[in-house]
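Data block below; observations after.
To find a chain, count down the sequence lines: A is the first, B the second, and so on, and within it residues start at 1. As a basis for the values below, the full set of heavy atoms in this structure was taken, side chains included, without hydrogen atoms, waters or symmetry mates.
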2 protein chains.
Amino acid sequence: MTQDAATTRLDAVKLDGTGPIYDQIRRAVRDLILNGTWAPGTSVPPEHALMEQLGASRMTVHRALVQLAREGLITRRRRSGTIVASPPASHAMLDILSIPDEVKRLGQRYDYEVLSREDRRPSAEIALRFGLKRSEKISHVVTLHRADGRPHVLEERVIHLAVVPAVAGEDFSKMPPGDWLLGNSLWSEAEHAISAVPAEPDDAQHLGIEVGEPCLLIERRTWNQSAPVTAVRLLYPGARHRFIGRFGPYGAV
Amino acid sequence: MTQDAATTRLDAVKLDGTGPIYDQIRRAVRDLILNGTWAPGTSVPPEHALMEQLGASRMTVHRALVQLAREGLITRRRRSGTIVASPPASHAMLDILSIPDEVKRLGQRYDYEVLSREDRRPSAEIALRFGLKRSEKISHVVTLHRADGRPHVLEERVIHLAVVPAVAGEDFSKMPPGDWLLGNSLWSEAEHAISAVPAEPDDAQHLGIEVGEPCLLIERRTWNQSAPVTAVRLLYPGARHRFIGRFGPYGAV
DNA sequence: GCTATCTAATTGCATATGCAAATGACAAGC
DNA sequence: GCTTGTCATTTGCATATGCAATTAGATAGC
């Protein structure tokens, strides 16, 4: 079913006069998508409409849209028109991915348990671990994910209440925090760090492994327009997990 | 200094007649670069020349070259023309990178030592570890890299002699195997796997850590046109190393 | 109601044309 | 030799035009 075109207001597209016209158009549309003005699934005005609105030739508009399509922000089909793409669920080696999906892809049964949940200013320990200011109000959630009943990964997460206020009313009983955030927050940038660490006593108990056993630690922080959204530490029992990626010398294969 | 244009034979560009013309051109040029016919640093024929040779309009040729430039395979400058780019030394989180560079970027003094070197068919143990057939002739090299005199990473590598025959005459006294390969082989595809493992006794001794201490293991295999080139296991003391990457929801930031 | 057909909206592609911008090469002048 | 200026080459950008391919939606026929 086609979306209502009224959801993408044509006059929202504004050029900034710097650089080539096609690139001004590209950036204008890109920004409308990234800041959520044009939501995924809504339709982008057809080339003719943009052409008249912006006073550019169709080929110039076309060039901008083709490039956005190659970047994956929009998808285009003849006659149907152009719609805003949904951010890909997974890409490259270590994308933001859903742990339920990750487990199901391995053909295992998934379940999870929220071990603790606190909404308040961070303790000194948590502030240190996640690089927070003590004054920032956050939600702190610890979740254990299981595959076929066995501990799969231990997730410790902070969510910035100022950026994602809706989290206050969510108890993560239907969906673990990572998946809930995918649908309830926007992010424009992420940073990963991978390291190998020995399991601490608490971690070892939750994961059912020996203290000191090697674990793969993935620390991820995400921002939206430079405002921190969430930070997470994912602790995987090292013996059971590998992360795999494929690519070519110039990037994509 | 500009390269001799004679190194890029114009008649080497052949279209295959499938798909849009601009894409045929793009693929034809891309293949000439990837298979080494047009070496990095050599100049690509100017748009006018390709246009006449191929019987396409300049805009069509232009479109193909602009796209290749965006993909990073060529670099273009007005008046100077178009030259084949060198593969980027590093990109994204876990690219093929030079360990000397990695150490120097940390501001530390680099040195290395080749611990062993054997050119022959693989032992059962090595074949298992790298997924080789016992019949393939390989070179097996173990190298310890140091930063400020301290062990930094232990590298164990196999190189396929059939694909990189020149390795037989190289003793890696001037340059470690990874860096030597960057200049003496081509690759079109790579696969990484990251995991956390406990240090084995041998590893622990070389790295100066305790047996069982967590280490980050990076296993990388590279191919050129589906022929295996090299496989390497890089063992980093986990406590001292992290790998960091940054990106946005749609890929590049 | 269901299906086949037609129509028109929309993107995809290629060409031709013209001018702008950057700059390597060379010549002129000191 | 050195600097300065001019010229020609090459890429960058935008427009106008025309046709092809796809297909959603309307229409006609059963």
>> The test is side chain to side chain donor-acceptor pair (under 3.5 Å); show your working for R157(A) and T230(A) and say whether it passes.
In response: CA-CA 7 Å; R157(A) 180 185 294 271; T230(A) 185; 3.2 Å; yes
>> On a heavy-atom basis, which atom in S185(A) and which in L181(A) lie closest, and how many Å separate them?
In response: OG-O, 2.8 Å
>> Please confirm whether the shortest side-chain N or O distance from R63(B) to OP1 or OP2 of dA14(C) is below 4.0 Å.
In response: no
> Could a donor-acceptor pair under 3.5 angstrom be found where the side chain of R79(A) meets the base of dT22(D)?
Replying inline: no
> Nearest-Å distance, CD1 (I83(B)) to P (dT10(D))?
Replying inline: 15 Å
> Between dA14(C), dT22(D), dA20(C), which nucleotide has the shortest distance from any of its atoms to the side chain of R78(B)?
Replying inline: dA20(C)
> Any idea which of dT15(C), dG12(C), dT11(D) is nearest the P46(B) side chain?
Replying inline: dT11(D)
>> With a 4.0 Å cutoff (strictly under), does any side-chain N or O of R58(A) reach OP1 or OP2 of dT15(D)?
In response: no
> Between E47(A) (CD) and dT22(D) (P), how many Å, whole number?
Replying inline: 17 Å
> Atom CE of M59(A) and atom P of dG18(C): how far apart are they, to the nearest Å?
Replying inline: 18 Å
>> From CG of D23(A) over to C1' of dG12(D), roughly how many Å is that when rounded to an integer?
In response: 12 Å
>> In whole Å, I'd like the distance from the CD1 atom of I25(A) to the P atom of dA14(D).
In response: 8 Å
>> Does dA14(C) have OP1 or OP2 under 4.0 Å away from a side-chain N or O of Y22(B)?
In response: no
>> Taking the basic N atoms (NZ, or NE/NH1/NH2) and the acidic carboxylate oxygens, is any pair closer than 4.0 Å for R30(B) and E71(B)?
In response: no
> How many Å lie between CE on M51(A) and P on dA14(D), as a whole number?
Replying inline: 15 Å
> Can you check whether R77(B) has a side-chain N or O nearer than 4.0 Å to OP1 or OP2 of dT23(C)?
Replying inline: yes
> For Y110(A) and K104(A), which heavy atoms make the closest approach, and how far apart are they?
Replying inline: CB-CE, 4.3 Å
> Expressed in angstrom and rounded to an integer, what is the separation of H62(B) atom NE2 from dA16(C) atom P?
Replying inline: 16 Å
> Does T60(A) put a side-chain nitrogen or oxygen below 4.0 Å from OP1 or OP2 of dT15(D)?
Replying inline: yes
>> Just to be sure I understand the rule, does I21(B) reach a base, reach only the sugar-phosphate, or reach nothing, if contact means heavy atoms closer than 4.0 Å?
In response: sugar-phosphate
>> Checking contacts here: which listed nucleotide (dG12(C), dT15(C), dT11(D)) is nearest the side-chain heavy atoms of T82(B)?
In response: dT11(D)
>> What is the separation between atom CD1 on I74(A) and atom P on dT10(C), rounded to the nearest whole Å?
In response: 15 Å
> Is the shortest distance from a Lys or Arg side-chain nitrogen in D23(A) or R27(A) to a carboxylate oxygen in the other one below 4.0 Å?
Replying inline: yes
> Is there a side-chain polar atom (N or O) of S80(A) under 4.0 Å from OP1 or OP2 of dT10(C)?
Replying inline: no
